[in-house]
Amino acid sequence: MAGTRVKARGESVFANRPSPARTESRAWGRFALFAECLLTGVWIAVASLGVVTYPAAFAAGARHLRRRTAHEGGGWREFAADFRTALRGGWLAGLAGWAAVAAVWVDVQAARAGIPGGPLVGAVGVVALIGLVVAGLRAAAVWEPGAVWRRLLAEAGRRTVLDPAGSFLIVGGLAVVAVSAWFAAPLAVAVLGAVAAAAVAVEERYRHR
């Protein structure tokens, strides 16, 4: 009886071990998702050439990645359709983003000119700009057709503050893009998809908390 129990235990242990084929399938799936992120980064970069179209580009890219992780269909045509839909209100968000960049640039120039209090104002402006970028990415990560950008950004701003860990993860992704651009600009283009994927993952993590 004891020997039978030991044998049963041994069999259960080996039965729980993943087969080589299953392990290889998981590894291939992760590689395919990584390749999809790189391709999506190229799509986002191309769609962002309109200067104020980057929010819509990230929204379409994030929705494409959500479809892929859910094992749903989708490709360039679906991305383009989502981009056109998101652009209807997204261009205003893009214009506001560039206005924020211009305001921070003025603050930084004031700090460099030696104006009293300039360094503090410049630092606050840079931190605020990073927060706005993170909120914009979080808003794009949950965009759906019919969503109102103003509401998306307001809710994303609250999540940016209430979920600092997730926000710092997105900041890390932005840092990777900056370093990639410093080494080679084409590499940063592909990494944009990884940033969109990070924003999607952060929002999924927040939703399941």
Side-chain angles (χ1 to χ4, degrees), residues 26-48 53-91 93-94 97 130-181 187-209:
R26 287 181 178 178
W28 177 254
R30 292 171 182 172
F31 177 78
L33 180 59
F34 175 72
E36 195 70 37
C37 288
L38 298 183
L39 177 61
T40 304
V42 176
W43 292 354
I44 291 173
V46 172
S48 298
T53 58
Y54 60 90
F58 271 99
R63 190 158 190 256
H64 169 73
L65 292 174
R66 293 204 308 271
R67 282 195 297 263
R68 285 302 190 186
T69 54
H71 303 289
E72 299 175 358
W76 167 253
R77 291 183 178 179
E78 289 77 8
F79 173 88
D82 286 336
F83 172 72
R84 289 192 297 269
T85 303
L87 190 59
R88 293 170 187 169
W91 70 272
I130 293 174
L132 288 174
V133 172
V134 172
L137 287 171
R138 299 189 73 146
V142 298
W143 175 86
E144 292 285 351
V148 179
W149 274 99
R150 181 179 298 177
R151 183 179 303 169
L152 285 176
L153 290 169
E155 294 174 353
R158 286 192 291 269
R159 293 195 301 273
T160 300
V161 176
L162 297 176
D163 181 27
S167 299
F168 278 119
L169 287 174
I170 297 177
V171 171
L174 294 172
V176 171
V177 172
V179 172
S180 301
L187 182 60
V189 169
V191 175
L192 289 175
V195 174
V200 171
V202 165
E203 286 300 310
E204 282 295 313
R205 169 184 169 275
Y206 183 82
R207 189 168 65 89
H208 289 93
R209 286 202 318 179

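Note: hydrogens, waters and symmetry copies are ignored here, and every other heavy atom, side chains too, is used.
Taking Arg84 as the reference, nothing meets the salt bridge (charged side-chain N to carboxylate O under 4.0 Å, His left out) condition, with sequence neighbours excluded. Evaluation of the side chain to side chain contact (heavy atoms under 4.5 Å, CB included) rule for Trp91 yields Val52, Leu87, Leu95 as partners, not counting sequence neighbours.
Annotation for Cys37 and Ala197: closest pair SG-CB, 3.6 Å, computed over non-hydrogen atoms. The shortest non-hydrogen separation linking Trp143 to Leu152 is CD1-CD1, 3.6 Å. Annotation for Ala45 and Leu192: closest pair CB-CD1, 4.0 Å, computed over non-hydrogen atoms. Contact between Phe79 and Gly61 at its shortest, heavy atoms only, is CE1-N, 3.3 Å. Listed here is the closest heavy atom pair of Ala135 and Ala156: O-CB, 3.2 Å. Shown here for Ala139 and Leu153, the closest heavy-atom pair between the two residues is CB-CD2, 3.7 Å.
Within the 3.5 Å criterion, the main-chain N or O of Ala47 finds a donor-acceptor partner in the side chain of Thr53. Glu78 places a side-chain N or O within donor-acceptor distance of the main-chain N or O of Gly75, the cut-off being under 3.5 Å. Between the side chain of Tyr54 and the backbone N or O of Gly94 there is at least one donor-acceptor pair closer than 3.5 Å. Looking only at distances, a side-chain donor or acceptor of Trp149 sits under 3.5 Å from a matching main-chain atom of Ala86.
The 12-atom threshold is exceeded at CZ of Arg205, counting heavy atoms of other residues, nucleotides or ligands nearer than 6.0 Å.
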Side chains of residues 165-177: which donor-acceptor pairs under 3.5 Å do they make with residues two or more places apart or in other chains?
unit_1: Ser167; atom_1: OG; unit_2: Arg138; atom_2: NH1; d: 3.2
unit_1: Ser167; atom_1: OG; unit_2: Thr160; atom_2: O; d: 2.9
unit_1: Ser167; atom_1: OG; unit_2: Asp163; atom_2: O; d: 3.1

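The aromatic ring centres of His64 and Trp43 sit less than 6.0 Å apart.
For the salt bridge (Lys or Arg N to Asp or Glu O under 4.0 Å) with Arg66, the lone residue among Glu144, Glu203, Glu72 that qualifies is Glu144. With Asp82 as the fixed residue, the salt bridge (Lys or Arg N to Asp or Glu O under 4.0 Å) test singles out one of Arg77, Arg88, Arg67: Arg67.
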